[in-house]
Undergrad: 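Handing you a structure now.
To find a chain, count down the sequence lines: A is the first, B the second, and so on, and within it residues start at 1. The basis for the numbers below is simple: all heavy atoms, side chains too, and nothing from hydrogens, waters or symmetry mates. All values derive from a computational prediction rather than experimental measurement.
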Amino acid sequence: MADLSPTDPAPVERILAAIRAIPPGQVAGYGHVARRAGLPGRARMVARVLRENSDANLPWHRVLRSDGRIAFPPGSKGFREQSQRLRAEGVDVRAGRVRIAESVPDLDGDLDAALWRPR
DNA sequence: AGGATGACGGGAG
DNA sequence: ACTCCCGCCATCC
């Protein structure tokens, strides 16, 4: 198994994979993504990976704070961009927040974590 | 080495 | 619901 030092790209790849695994119309928290990537407690690492990300195909907009709020400062470029992208998927965004229901069992089955379904 | 920073999380008041 | 505070981790100064 690869070593878990910051120089090891594996953790980053797992984080990206976890984000790509979020189905359209659903969302997940930073901490959630971290756990699914096998990195419990590394929510801030997920944030860093997103900040550094250059992949235009990555569904970064589906990642929210644990309380359902968009992580960008209200009114900022990223804030508006994320709101727009989420609404484009039918997600109801009010005042920078997504109303989320209880976690839903993952459909794939090989992931014990659950995603959030917007309410 | 030590303190500040950030697309975070959670608890307390 | 909102603010404040502290824990957490990788980076940067």
Side-chain angles (χ1 to χ4, degrees):
Chain A
M1 193 49 159
D3 132 74
L4 293 180
S5 68
T7 54
D8 181 14
V12 176
E13 289 307 317
R14 290 202 301 275
I15 289 174
L16 292 174
I19 296 173
R20 284 190 265 261
I22 307 172
Q26 285 188 232
V27 292
Y30 289 84
H32 240 149
V33 171
R35 276 188 302 135
R36 284 188 55 169
L39 303 165
R42 275 80 169 171
R44 307 198 92 139
M45 185 184 215
V46 174
R48 184 178 68 78
V49 169
L50 280 176
R51 181 168 55 82
E52 303 290 321
N53 173 66
S54 57
D55 182 3
N57 290 37
L58 189 72
W60 57 269
H61 56 283
R62 296 178 195 145
V63 185
L64 306 169
R65 283 199 167 186
S66 63
D67 57 5
R69 291 250 297 122
I70 286 178
F72 289 109
S76 66
K77 181 76 188 323
F79 180 92
R80 292 192 300 274
E81 171 81 7
Q82 187 163 13
S83 302
Q84 179 184 335
R85 282 179 177 241
L86 285 172
R87 291 189 181 117
E89 295 187 348
V91 177
D92 181 26
V93 184
R94 303 183 189 182
R97 178 190 304 166
V98 171
R99 284 289 201 64
I100 56 179
E102 283 302 303
S103 53
V104 199
D106 191 274
L107 302 175
D108 290 17
D110 63 343
L111 298 168
D112 51 23
L115 296 177
W116 287 337
R117 179 186 38 167
R119 182 155 41 127

Undergrad: List every contact pair, protein side and nucleotides 4-8 of chain C side both N or O, where the distance is under 3.5 Å.
TA:
| unit_1 | atom_1 | unit_2 | atom_2 | d |
| --- | --- | --- | --- | --- |
| dC8(C) | N3 | Arg44(A) | NH1 | 3.4 |

Undergrad: Are there any protein N/O atoms within less than 3.5 Å of an N/O atom in nucleotides 11-13 of chain B, and if so, which ones and at what distance?
TA:
none

Undergrad: Of all the nucleotides listed (dC2(C), dC8(B), dA7(B)), which has the minimum atom distance to the side chain of Arg51(A)?
TA: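 Comparing dC2(C), dC8(B), dA7(B) against the side chain of Arg51(A), the answer is dA7(B).
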Undergrad: Whole angstroms only, please: what is the CZ-C1' distance between Arg42(A) and dA7(B)?
TA: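 Distance check: Arg42(A) CZ to dA7(B) C1' gives 19 Å.
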Undergrad: Report yes if some heavy atom in the side chain of Leu64(A) is under 4.5 Å from a heavy atom in the side chain of Gln82(A); otherwise report no.
TA: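 Sidechains of Gln82(A) and Leu64(A): in contact.
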Undergrad: Rounded off to whole Å, could you give me the OH-to-C1' distance for the Tyr30(A) and dA10(C) pair?
TA: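 Value for this atom pair: 16 Å.
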Undergrad: Given dA1(C), dG9(B), dT11(C), identify the nucleotide with an atom nearest to the side chain of Arg48(A).
TA: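 Closest nucleotide to the Arg48(A) side chain: dT11(C).
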Undergrad: Tell me if a side-chain donor or acceptor on Arg42(A) pairs with a main-chain N or O of Pro40(A) at a distance below 3.5 Å.
TA: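 It does hold such a pair.
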Undergrad: Could you tell me whether Arg85(A) and Glu81(A) have a side-chain N and a carboxylate O separated by less than 4.0 Å?
TA: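 Yes, Arg85(A) and Glu81(A) are salt-bridged.
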Undergrad: Are Pro11(A) and Leu39(A) close enough that some pair of their side-chain heavy atoms sits under 4.5 Å apart?
TA: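 Heavy-atom side-chain distance check passes, below 4.5 Å.
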Undergrad: Rounded to the nearest 0.5 Å, how far does CG of Asn53(A) lie from CD1 of Ile15(A)?
TA: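 Going from the CD1 atom of Ile15(A) to the CG atom of Asn53(A) covers 11.0 Å.
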Undergrad: For residues Asp55(A) and Arg20(A), determine if any side-chain heavy atom of one lies less than 4.5 Å from a side-chain heavy atom of the other.
TA: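 Asp55(A) vs Arg20(A): side chains touch.
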Undergrad: Short of 4.0 Å, heavy atom to strand atom, which residues of residues 68-86 of chain A count as contacting DNA chain B?
TA: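 The stretch gives Ala71(A), Phe72(A) as the residues lying under 4.0 Å from the strand, ordered by number.
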Undergrad: Rounded to whole Å, please give me the gap between CZ in Arg35(A) and C1' in dG10(B).
TA: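 Value for this atom pair: 13 Å.
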Undergrad: Mind calculating the distance between CZ (Arg94(A)) and C1' (dA1(C)) to the nearest angstrom?
TA: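 Distance, rounded to whole Å: 15 Å.
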